[in-house]
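Shown next, in structure tokens, is the structure this report addresses.
All residue numbers refer to positions in the sequence shown, counting from 1. First listed ligand is number 1; within each ligand, the first listed atom is number 1. Everything quoted here is computed from the prediction, not taken from an experiment.
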Amino acid sequence: MEPVIAIGLAVVLWLAIKVYNSGRRAKHLPPGPPTIPLLGNLHIFPTDRPFAKFTEWARMYGDIYSLKMANSTAIVLSSMSAVKELMDARSAETGDRPKVYILDYVTDGLHVGLAPLGSHVWKTARKAIKPLLAPQTLNAYRPVAYAESSQLMYDMLHKPEGFYAQTQRVTFSFATSIVFGCRCPWFESHELTHFIEVVRLWMALTSTKVPPLDLLPFLKYVPERWAPWKKLARDTKALQHDIYFTMLSSAERRLAKGEGNGSFIEGILQNQKTLEMNREFVGHLGGILLEGGSDTTSTFLQSFILALIAFPDAQRKAHEEIDRVIGHDRSPVFTDLADMPYIQAVIKEVHRFRPVAPLAVPHSTTVPLEYRGYIIPQGTTLFLNLWGVLHDPEVYERPEEFWPDRYVMSEFGTKAGVDSQDFRASLPFGSGKRLCPGMSLATMSLSLHVMNILWAFRFSPAIDPDTGLKIPVDLEAYFSGLSYTPRPFRATVTPRHPGRAEIIDRQFFASTDTYRRYEEHLSAADRESLETMRAAGY
Ligand code: HEM
């Protein structure tokens with residue numbers, strides 16, 4: 001036989017085997033939903049609230065099951081023992097990320113959260129972020145959290161109808177202050193409105209608006225007129241660049257003038273050579289910390305308020321505790337949390353009831369793995385089904401109910417008789433080497449906001465102006481992407497005590513010096529109007 005024909009036949013045979021195997025679940029994989037040729041389970045892969053379907057499948061196929069996505073494989077883990085054994089203990093083998101071409105394009109491959117485990121980008125960024133976790137750094141950021149939380153209470157007191165946007169402002173402003181040294185006094189500021197647009201665009205980029213480029217790479221070469229996602233990606237990149245690099249320039253300007261305000265990025269700029277980071281990398285790192293730190297924490301606060309409205313008994317108990325420990329004469333401070341077990345339980349219960357990232361962020365395997373007799377191939381996507389773990393009726397009493405008492409009765413909120421030795425409080429922040437580096441920072445600022453909000457306000461359903469009837473909140477009205485965020489909702493926000501309102505006003509004005517420290521980047525006109533507003537109150 002001619003060599004050319006032999007090679008041709010071999011190629012055809014190879015292709016035939018590949019097509020035949022595509023979508024088939026190999027024998028050594030964990031079980032899972034029935035597959036169809038070529039696609040495997042791709043046709044039934046849930047795009048809306050995927051965690052709900054993943055949890056339903058976990059009840060059918062067990063705490064470890066597999067999904068076939070054409071040629072590739074995904075594994076879903078839905079128990080603490082599987083998470084501990086595979087994702088925590090064997091993190092060097094399970095801590096990689098699946099490649100997402102479109103997101104790498106948008107971030108120029110400089111995103112620590114997407115970078116391969118052990119890569120230069122990942123190692124350098126994690127090393128640079130490390131000081132953000134140190135207790136002394138957290139202490140240095142406490143005055144900023146205190147001042148921003150004071151504005152949150154002030155805004156809610158004077159414009160209660162804007163509470164949803166105020167949670168976005170406070171978390172964004174805290175993040176921009178400590179990361180770039182630039183705060184955001186208004187929701188309407190172009191930085192915040194652009195950032196909200198970036199979050200929306202990111203959701204679109206990870207939705208079905210973008211074809212599966214990683215499964216079908218030839219689609220990357222489709223001309224732009226037939227591929228609107230290319231413009232979407234370019235717009236996202238430009239908008240992100242505009243926000244992050246404008247703030248970076250202002251940090252550089254402050255440093256050059258010798259007027260640094262102690263922001264995280266200033267520290268990086270001063271150590272840029274040692275850290276081997278170019279300007280592009282520094283700007284992206286700052287941006288990633290805003291992305292990781294602000295939408296997640298505002299999502300948490302919105303779910304918290306939603307739960308208070310839907311479960312008034314929990315709100316009443318939290319109010320009772322805060323009144324007993326704090327009273328009318330002062331607002332809460334960071335150290336008060338240690339004396340309030342019920343409020344601590346409320347925080348844990350929000351993380352359980354509505355985890356910010358119900359599937360965490362997908363991992364992938366660096367090598368083939370053997371686990372419980374299965375063989376998991378290299379490059380398999382691993383989903384940590386947080387929702388499934390935290391809503392398991394075998395583990396939690398009435399898991400669909402917001403019931404903080406469960407965490408007062410047992411450390412991990414589990415039912416009597418459940419062996420909780422594999423549980424850990426950090427679960428909502430992911431696992432292993434990829435565990436969220438912002439966990440302590442987020443916990444610090446969120447605890448203060450939660451205490452302040454409970455101390456100052458009561459939340460109840462909004463009243464329909466036409467009928468005078470209460471509008472019940474919808475606990476399922478969420479945006480579903482990587483994070484699970486309540487859609488804007490209405491509520492009645494009532495100050496709890498006139499004396500507390502006075503303290504809120506005083507505390508807001510007393511924080512003016514802290515605010516000014518982070519307002520250098522504002523235009524002279526903006527600074528002037530802020531001063532006028534502060535003088536008059538707003
Ligand atoms: C309620 C607040 C937060 C929650 C629930 C949360 C949750 C998570 C989760 C689930 C992951 C993925 C972990 C994994 O892959 O196993 C993650 C990663 C990450 N988070 Fe957070 N996060 C929060 C706040 C923050 C804050 C405040 C920052 C920074 C200021 C931050 C920065 C990051 C970064 C950079 C990563 C990527 C880490 C890596 O891939 O190595 N997060 N977070």
Side-chain angles (χ1 to χ4, degrees), residues 51 77 83-84 86-88 90-91 94-98 100 103 107 110-119 121-133 137-138 141 144-145 148 167 170-180 263-265 268 284-304 347-348 350-364 381-387 389-390 424-447 449-450 481-485:
F51 58 85
L77 303 173
V83 171
K84 184 176 174 187
L86 208 51
M87 307 212 46
D88 291 344
R90 299 176 70 176
S91 176
T94 58
D96 210 353
R97 292 280 190 224
V100 187
L103 300 183
T107 58
L110 293 172
H111 197 299
V112 55
L114 303 169
L117 184 72
S119 62
V121 167
W122 184 76
K123 279 202 290 204
T124 312
R126 291 284 311 209
K127 187 170 152 202
I129 299 171
K130 216 167 175 190
L132 211 55
L133 293 172
T137 321
L138 287 184
Y141 294 142
V144 188
E148 289 298 346
T167 60
V170 72
T171 53
F172 183 71
S173 189
F174 177 61
T176 54
S177 301
I178 63 164
V179 173
F180 284 109
S263 70
F264 166 78
I265 230 68
I268 300 289
H284 272 287
L285 179 60
I288 289 154
L289 293 177
L290 298 192
E291 285 162 23
S294 82
D295 198 43
T296 46
T297 42
S298 58
T299 290
F300 177 95
L301 289 177
Q302 291 151 6
S303 285
F304 159 65
I347 294 171
K348 291 179 193 164
V350 176
H351 277 305
R352 187 203 66 80
F353 180 65
R354 288 291 179 267
V356 168
L359 293 176
V361 179
H363 287 210
S364 79
T381 299
L382 296 174
F383 287 103
L384 194 179
N385 182 12
L386 283 176
W387 186 279
V389 175
L390 297 169
R424 54 180 165 80
S426 59
L427 182 67
F429 294 90
S431 61
K433 289 180 186 293
R434 292 284 181 168
L435 188 73
C436 171
M439 180 172 69
S440 311
L441 189 67
T443 305
M444 181 265 276
S445 64
L446 284 176
S447 308
H449 299 328
V450 163
L482 205 54
S483 62
Y484 192 51
T485 304

Determine the minimum heavy-atom distance between [X] and [Y], stating which atoms define it.
X      : Y      : value
Arg97  : Val361 : NH1-O, 3.2 Å
Ser431 : Arg424 : CB-NH2, 3.4 Å
Thr171 : Ser294 : OG1-O, 3.2 Å
Ser173 : Glu148 : OG-OE2, 2.8 Å
Val170 : Thr167 : CG1-O, 3.5 Å
Ala115 : Val121 : CB-CG1, 3.8 Å

> Using a distance threshold of 2.8 Å, what protein N/O/S atoms lie below it relative to atom 21 (Fe) of ligand 1?
Replying inline: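 Short answer, with waters excluded from the count: Cys436 SG.
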> Going by distance only, is there an N or O of Arg434 that falls short of 3.5 Å from an N or O of ligand 1?
Replying inline: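 N/O-N/O distance under 3.5 Å: yes.
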>> His351 and ring pair (Phe, Tyr, Trp, His ring centres under 6.0 Å): which single residue from Trp387, Phe429, Tyr484 fits?
In response: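 With His351 as partner, Trp387, Phe429, Tyr484 yield a single ring pair (Phe, Tyr, Trp, His ring centres under 6.0 Å), made by Phe429.
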> Among all protein non-hydrogen atoms, which one is nearest to atom 1 (C) of ligand 1, and what is the separation to 0.1 Å?
Replying inline: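 Scanning the protein heavy atoms, the shortest distance from atom 1 (C) of ligand 1 goes to Leu446 CD1, 3.8 Å.
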> In terms of residue, atom name and distance, what is the protein heavy atom nearest to atom 12 (C) of ligand 1?
Replying inline: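 Its nearest protein heavy-atom neighbour is Val361 CG2, 3.4 Å.
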> If only atom types and distance count, is the side chain of Asp88 paired as donor or acceptor with the main-chain N or O of Gly432 below 3.5 Å?
Replying inline: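 Answer holds: yes.
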> Among Arg126, His363, Lys433, Arg97, which residue places a heavy atom closest to atom 16 (O) of ligand 1?
Replying inline: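 The residue whose heavy atom sits nearest atom 16 (O) of ligand 1 is His363.
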> For ligand 1, is any non-hydrogen atom under 4.0 Å from Val356's backbone (N, CA, C, O), its side chain (CB onward), both, or neither?
Replying inline: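 Near ligand 1, Val356 shows its side chain, while the N, CA, C and O stay back.
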>> I need the atoms of ligand 1 closer than 4.0 Å to a non-hydrogen atom of Leu289, numbered in the order shown.
In response: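 Selected atoms, number and element: 29 (C), 30 (C).
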> What atoms of ligand 1 come closer than 4.0 angstrom to any heavy atom of Pro428?
Replying inline: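 Near Pro428, the atoms of ligand 1 are 5 (C), 7 (C), 10 (C).
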>> Is there a side-chain contact between Val356 and Pro428 in this structure, where contact means two heavy atoms from C-beta onward sitting under 4.5 Å apart?
In response: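 Not touching, per the 4.5 Å side-chain cut-off.
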